[in-house]
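What's counted below: heavy atoms across the whole structure, side chains too, no hydrogens, waters or symmetry copies. Residue numbers begin at 1 in each chain, while the letters A, B, ... track the order of the sequences.
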2 protein chains.
Amino acid sequence: MTAVTIQCCAPIAREPLAEHEAAELAVLLKAVADPVRLRLLSMIGSHAGGEACVCDLTGAFDLTAPTISHHLKILRTAGLIDGERRGTWVYYRIVPETVTRLGALFAPLADPAPASGAPVEVEFVST
Amino acid sequence: MTAVTIQCCAPIAREPLAEHEAAELAVLLKAVADPVRLRLLSMIGSHAGGEACVCDLTGAFDLTAPTISHHLKILRTAGLIDGERRGTWVYYRIVPETVTRLGALFAPLADPAPASGAPVEVEFVST
DNA sequence: CCCCTACTTCGACAATTGTCGAAATCATAG
DNA sequence: CTATGATTTCGACAATTGTCGAAGTAGGGG
């Protein structure tokens, strides 16, 4: 099952999110909004070779295999990771595009007009 | 105003998240992982003057005032917005440090790992 | 072939969450 | 002081979610 690759939405504080954009993003965010899944994601991403098999992951948790599998499925469905079976083991790796998209959503809030594709600089507005 | 950067946690794919870090971040992410709250956040952030009163927000939803208030409370408790009462109305504004912190979590993943398997290509998806 | 290990799917259950209506609080106007 | 409008708190309820054990699929080795 391969996931949807959606791309949309300027940084969250730039302009009001449309209803359907918000709904889409919420699915993605719900997928990361869990301690177990956050750790799974970071374990997979930082694992040597950029991938980890389920057997590398389950040991780190006090949870049963079905539960870990359930969380991995949610991450996969959201398009955050991608799994591949090689022989006995199933290997997961991060889908960088999706993670990057999340990063862009919460990009530093700047004044509404850096115009071109130039990098955005952080600027805090003082009250 | 000084640009405070709250630090916790390198980008998610950099190193395994500690259990308590994951728990903490999950609270923050749960706060944004809802369509209504995402829209609230973006409406507040992109509103003229950088702030919006509750009365500016409720009209955009098909929800009752108590429900909007509930969502605002969750955002506030998570440290994503800050509210201030001025006369009859309550004004909310974004707390940029917290939003920035989320952005840093999903910062573009650099070189994932010492080549041991297939390399991961980092691609930037822009809107 | 049968078994064993790795992983996923299924069905059930308790805990959490989003929503509402009713009632409370808070500030201004009369 | 009372009335009115803006917002929050409270209590209840249905829907969603995280977890488990049991059973299913897939691959490798005797």
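As a whole-Å value, the separation of A/L40 CG from D/dG18 C1' is 13 Å. Between the P atom of C/dA6 and the OH atom of A/Y91 lies a distance of 11 Å, rounded to the nearest Å. One atom, CZ of B/R85, and another, C1' of D/dA6, lie 7 Å apart when rounded to the nearest Å. Summarising the geometry, the separation between NE2 on B/H70 and P on C/dG21 is reported as 15 Å, rounded to the nearest angstrom. Atom-to-atom, CH2 of A/W89 to C1' of C/dT8 comes out at 17 Å; the value is rounded to the nearest Å. Rounded to whole Å, the distance from CG on A/L29 to P on D/dT17 is 14 Å. One atom, CD1 of B/I68, and another, C1' of D/dT9, lie 16 Å apart when rounded to the nearest Å.
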Checking side chain to side chain contact (heavy atoms under 4.5 Å, CB included) for the pair A/F106/B/T100: CA distance, chi angles, key distance, verdict? CA-CA 6 Å; A/F106 302 108; B/T100 301; over 6 Å; no

Side chain to side chain contact (heavy atoms under 4.5 Å, CB included) for A/L25 and A/L17? Distances and angles first, verdict last.
CA-CA 10 Å; A/L25 285 169; A/L17 232 39; 4.0 Å; yes

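You'll find that the side chain of B/L72 is closest to D/dT8, out of C/dT17, D/dT8, C/dT19. If you check C/dT8, D/dG18, C/dC20 against the side chain of B/P66, the one that comes closest is C/dC20.
Summary of the strand contacts: A/R86 and A/K30 both lie near DNA chain D, and taking for each the nucleotide with the nearest heavy atom, the more 5' one is attributed to A/K30. Between A/G87 and A/I74, the residue whose closest nucleotide on DNA chain D is further toward the 5' end is A/I74.
Using a 4.5 Å heavy-atom threshold, the side chains of B/D56 and B/M43 count as separate. A 4.5 Å side-chain heavy-atom check between A/L72 and A/R37 finds every atom pair outside the cut-off. Looking only at side-chain heavy atoms (C-beta outward), A/Y92 and A/D82 stay at 4.5 Å or farther from each other.
Using a 4.0 Å cut-off between charged side-chain N and carboxylate O, A/E24 and A/K30 make no salt bridge.
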Please tabulate, one pair per line, each protein N/O and nucleotide N/O from nucleotides 3-5 of chain C that are separated by under 3.5 Å, including the distance.
none

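Side-chain atoms of A/R85 come within 3.5 Å of backbone atoms of A/G87 as a donor-acceptor pair (strictly under, hydrogens ignored).
Phosphate proximity of C/dC20 to B/T67: present, with a side-chain N or O under 4.0 Å from OP1 or OP2. Side-chain nitrogen and oxygen atoms of B/R37 include at least one within less than 4.0 Å of the OP1 or OP2 phosphate oxygen of C/dG18. Using a 4.0 Å cut-off, no side-chain N or O of A/K73 falls inside it from OP1 or OP2 of C/dT8. Side-chain N/O atoms of B/Y92 include one lying less than 4.0 angstrom from OP1 or OP2 on D/dT8. OP1 or OP2 of D/dT17 has not a single side-chain nitrogen or oxygen of A/H71 nearer than 4.0 Å.
Of all non-hydrogen atoms in A/H47 and A/A52, the two that sit nearest each other are CG-CB, 3.8 Å. In this structure, A/I94 and A/I44 approach most closely via the heavy-atom pair N-CG2, 4.0 Å. Between A/D34 and B/A26, the closest heavy-atom pair is C-CB, 3.9 Å.
Looking at residues 52-65 of chain A, you'll see A/D62, A/L63, A/T64 sit with a heavy atom under 4.0 Å from some atom of DNA chain D.
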